[in-house]
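What follows is one structure encoded as structure tokens, with my remarks underneath.
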Amino acid sequence: MARYVLRRIVTMSLALWLIITATFVIMHSVPGGPFSSEKNAPPAVMQNLNARYRLNDPYWKQYLDYLLNMARLDLGPSFKYDRSVNEIISQGFPVSAQLGAVAVSIALGAGVILGVAAAWKQNRWQDYTAMSLAALGFSVPSFILSGLLMYIFAYKLMWLPPAMWGGWQHAVMPALALSALPTAFIARLMRSSMLEVLQQDYIKTARAKGLSPAAILVNHALKNALMPVATYLGPLVAAVFTGSFVVETVFAIPGLGRYFVISVLNRDYTLILGLTVFYAVFLMLMNFIVDLVYMFLDPRIKLADDRGD
Amino acid sequence: MQPLLKIEDLNVQFETRAGVLQAVRGINLEIGPGEALALVGESGCGKSAAAQSVLKLLPSPPARITRGGVFFAGENLTAMSEKELQRVRGRDIGFIFQDPMTSLNPTMKVGRQVVEVMYRHGEKDNKKNRERALEIFGLVGISNPGRRLDQYPHQLSGGMRQRVMAAIALACGPRLLIADEPTTAVDVTIQAQIMELLRDLQKKRGMSVLLITHDLSLVAGFARRVAVMYAGKIIETGTAEEVMNSPAHPYTRGLLASIPRLEVRPEERLAPVPGRPPVMINPPPGCPFRPRCPEAMYICAKIEPGETILGQGRIVSCWLAHPMAAESRPERL
Ligand SMILES: Nc1ncnc2c1ncn2[C@@H]1O[C@H](COP(=O)(O)OP(=O)(O)OP(=O)(O)O)[C@@H](O)[C@H]1O
Ligand SMILES: [Mg+2]
């Protein structure tokens with residue numbers, strides 16, 4: 001186990017280094033710089049700014065400095081905001097992550113239920129209903145869904161606050177809006193994997209034992225059918241927990257999502273890099289956790305080779 | 001004596017994209033209490049379809065029992081509701097499937113897979129069930145049963161898994177065991193051991209067994225009676241001696257001629273008679289074996305032969321056995 005974890009850490013670090021390097025190169029090859037919007041600033045001011053943020057250093061030096069700071073977990077100051085990248089992330093991420101946790105829970109619960117129902121009643125009304133809902137979840141853009149939710153629950157029914165961040169009431173609508181797409185995806189994934197499992201030989205064995213359909217579903221089909229969903233959960237959690245530009249903007253939520261877009265628009269080099277690194281680390285961490293969950297789900301997968309005889 | 005299992009004019013078809021496939025076309029079988037019967041035939045002749053129809057295990061669609069029925073201890077299984085059938089499955093009738101590699105749930109410990117069937121059919125004390133599973137593991141020849149109970153299928157060899165399958169099938173002390181090619185997927189030495197085990201259990205427990213196999217060599221010494229199946233029909237029945245010593249159907253003769261000797265590689269056993277069995281979607285008229293039959297006659301292409309009774313429990317479906325066959329000999333194709 002320890003060896004496995006160590007190996008994973010080494011490969012993750014390597015991947016991270018590649019990501020940093022690639023982002024660095026791409027970022028600097030895009031025309032414009034962080035201060036190019038302040039076009040009418042006097043040359044002296046530009047000179048000062050560039051010096052303060054060390055933009056006059058050769059690229060290789062900027063790159064090395066960045067790597068060194070990274071090693072100290074210092075992502076540097078933002079070019080645009082009066083805060084460090086570390087601060088921006090530590091303020092925005094908890095909000096986005098809370099919202100994301102609710103959204104992923106909804107998606108997982110609803111997606112699995114819809115998918116199982118669809119597979120269990122294949123080609124019957126339950127299947128058609130579930131898959132129509134999934135198609136809807138796929139095709140309605142989140143800003144439309146957000147607007148619709150706002151109109152119904154905040155404006156018409158007045159059950160929920162229309163925007164901002166506070167108690168759980170503030171999380172309901174944005175979480176629903178965020179969960180639509182993953183719910184649809186999980187429902188489809190679950191349906192197809194369930195259908196596949198249901199025609200396995202061991203399901204027939206279970207039937208030959210005299211088990212009831214419910215017992216077969218719960219004891220034999222569900223766990224095995226969940227495996228593909230578990231795989232999808234890594235990237236899903238990474239994407240949803242780091243926030244959504246659209247949903248956070250519509251609901252005025254002080255999360256991390258909007259920075260991903262704004263930092264690029266601003267050519268805010270350190271923020272772009274910082275967010276990319278943060279996202280990559282988080283994604284790799286989630287995938288690592290998924291692998292551990294997988295091991296729990298599937299006894300055939302073992303870290304060390306402790307095969308029985 | 002009333003037979004324990006009686007299959008009456010059973011017809012099973014699959015609705016496929018290419019058309020309706022007639023997998024089982026009116027078979028009749030009887031198995032008495034404590035009796036072992038072997039159902040023999042090539043791959044694809046409908047053995048599994050027939051066996052699984054006994055407990056209505058085939059997925060429907062595409063499978064459908066279109067005619068006939070199955071009676072177990074006088075009760076009509078075919079007419080039973082799904083709920084009633086669930087009480088029979090695993091308790092009165094145990095089932096061993098063809099492929100032990102895929103027939104066990106890969107993510108459940110094998111012990112639990114055995115305990116589960118006992119729990120389902122009455123005993124709710126899983127401590128007792130576990131002890132009983134331990135006993136059964138010993139009975140089916142699983143070494144070190146205490147440890148095996150907590151292993152997963154992938155940690156067991158093919159032979160061991162088939163023994164686990166047997167343990168599941170036997171867990172509730174069924175009156176009938178249906179073993180669908182229990183030895184096809186394991187190698188030859190294991191094959192002998194498993195046959196030995198089945199024979200032993202059948203004798204000791206007085207259990208009825210329906211053994212399904214494509215290998216006639218397994219039949220001798222195991223089953224008292226044999227039914228040979230071809231293209232969804234039973235084309236010859238009799239005692240093992242009758243069928244093995246004086247086969248009446250050319251197909252049976254072909255099967256017998258190909259009984260593996262040691263020097264024959266296993267894969268050559270699968271096609272004993274030259275040619276392939278027909279796919280029974282809109283089959284042409286006549287005897288389905290005719291294209292492969294070395295003794296086919298003019299009539300064989302025209303009309304499918306009916307049953308000719310040769311003696312008590314000795315039936316063959318072949319024009320050669322027809323009383324008038326001698327006269328039609330010159331018409332050979
Ligand atoms: N689910 C299915 N859908 C369509 N056709 C099927 C299905 N299952 C079996 N068949 C067809 O029914 C026929 C009989 O199949 P069956 O499985 O009973 O053969 P078998 O005698 O058991 O052969 P094997 O030795 O390969 O197990 C075959 O032609 C097969 O292709
Ligand atoms: Mg079969």
Side-chain angles (χ1 to χ4, degrees), chain A residues 112 116 119-124 127 190 192-231 290-309, chain B residues 48 51-52 54-59 61 82-109 112-114 116-122 143-144 147-148 150-157 160 164-165 168-169 171-172 174 178 180:
Chain A
V112 167
V116 168
W120 195 250
K121 303 280 178 189
Q122 193 193 2
N123 295 332
R124 276 178 267 173
D127 187 11
M190 194 64 203
S192 65
S193 110
M194 196 72 186
L195 284 177
E196 161 121 22
V197 165
L198 285 177
Q199 48 166 311
Q200 295 295 315
D201 286 350
Y202 58 81
I203 298 296
K204 196 171 263 180
T205 305
R207 294 218 298 135
K209 288 175 173 178
L211 300 187
S212 65
I216 293 173
L217 184 73
V218 174
N219 297 334
H220 289 276
L222 201 57
K223 189 173 156 192
N224 296 328
L226 273 173
M227 287 183 208
V229 176
T231 315
V290 161
D291 287 352
L292 295 180
V293 169
Y294 224 90
M295 252 170 8
F296 164 76
L297 285 176
D298 190 345
R300 286 168 296 186
I301 296 169
K302 283 277 173 275
L303 298 179
D305 22 5
D306 60 348
R307 264 184 78 95
D309 35 329
Chain B
S48 297
Q52 292 184 15
V54 169
L55 286 172
K56 286 212 260 182
L57 287 175
L58 289 172
E82 175 65 25
K83 262 235 156 66
E84 290 171 305
L85 265 172
Q86 282 168 21
R87 319 206 128 271
V88 178
R89 292 177 187 148
R91 189 186 66 178
D92 299 315
I93 302 180
F95 212 112
I96 300 180
F97 288 95
Q98 210 160 335
D99 189 352
M101 302 319 243
T102 57
S103 295
L104 292 170
N105 186 341
T107 63
M108 194 189 274
K109 289 176 179 165
R112 202 180 143 207
Q113 301 193 42
V114 179
E116 185 183 45
V117 64
M118 296 187 271
Y119 183 88
R120 164 67 181 149
H121 293 294
S143 57
N144 204 346
R147 223 188 88 199
R148 298 290 186 206
D150 289 317
Q151 289 190 319
Y152 289 97
H154 73 276
Q155 296 170 300
L156 307 177
S157 67
M160 276 299 152
V164 172
M165 277 303 297
I168 291 172
C172 295
I178 300 178
D180 187 355

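In what follows, chains carry the letters A, B, and so on, assigned in the order in which the sequence lines appear, proteins first and then strands, with residues in each chain numbered from 1.
With a 4.5 Å cut-off on non-hydrogen atoms, Q98(B) does not touch chain A at all. Looking at R91(B), neither its backbone nor its side chain comes within 4.5 Å of chain A, counting heavy atoms on both sides. Looking at L198(A), there are no atoms closer than 4.5 Å to chain B (heavy atoms on both sides), in backbone or side chain. Contact annotation for R112(B): only side-chain heavy atoms (C-beta onward) come within less than 4.5 Å of a heavy atom of chain A. Only the backbone of K56(B) has a heavy atom closer than 4.5 Å to any heavy atom of chain A. Only the backbone of L104(B) comes within less than 4.5 Å of a heavy atom in chain A; its side chain stays farther off. Both the backbone and the side chain of L58(B) come within contact range of chain A, judged by heavy atoms closer than 4.5 Å. Residue M160(B): no heavy atom, backbone or side chain, is found under 4.5 Å from chain A.
Residues satisfying the salt bridge (charged side-chain N to carboxylate O under 4.0 Å, His left out) test with D291(A), not counting sequence neighbours, are R8(A). Scored by the salt bridge (charged side-chain N to carboxylate O under 4.0 Å, His left out) test, D127(A) finds R191(A) as partners (sequence neighbours excluded).
R148(B) and Q151(B) form a side-chain donor-acceptor contact under 3.5 Å, judged by distance and modelled atom types alone.
Note on E82(B) versus R89(B): salt bridge recorded, some NZ/NE/NH1/NH2 to OD/OE distance being below 4.0 Å.
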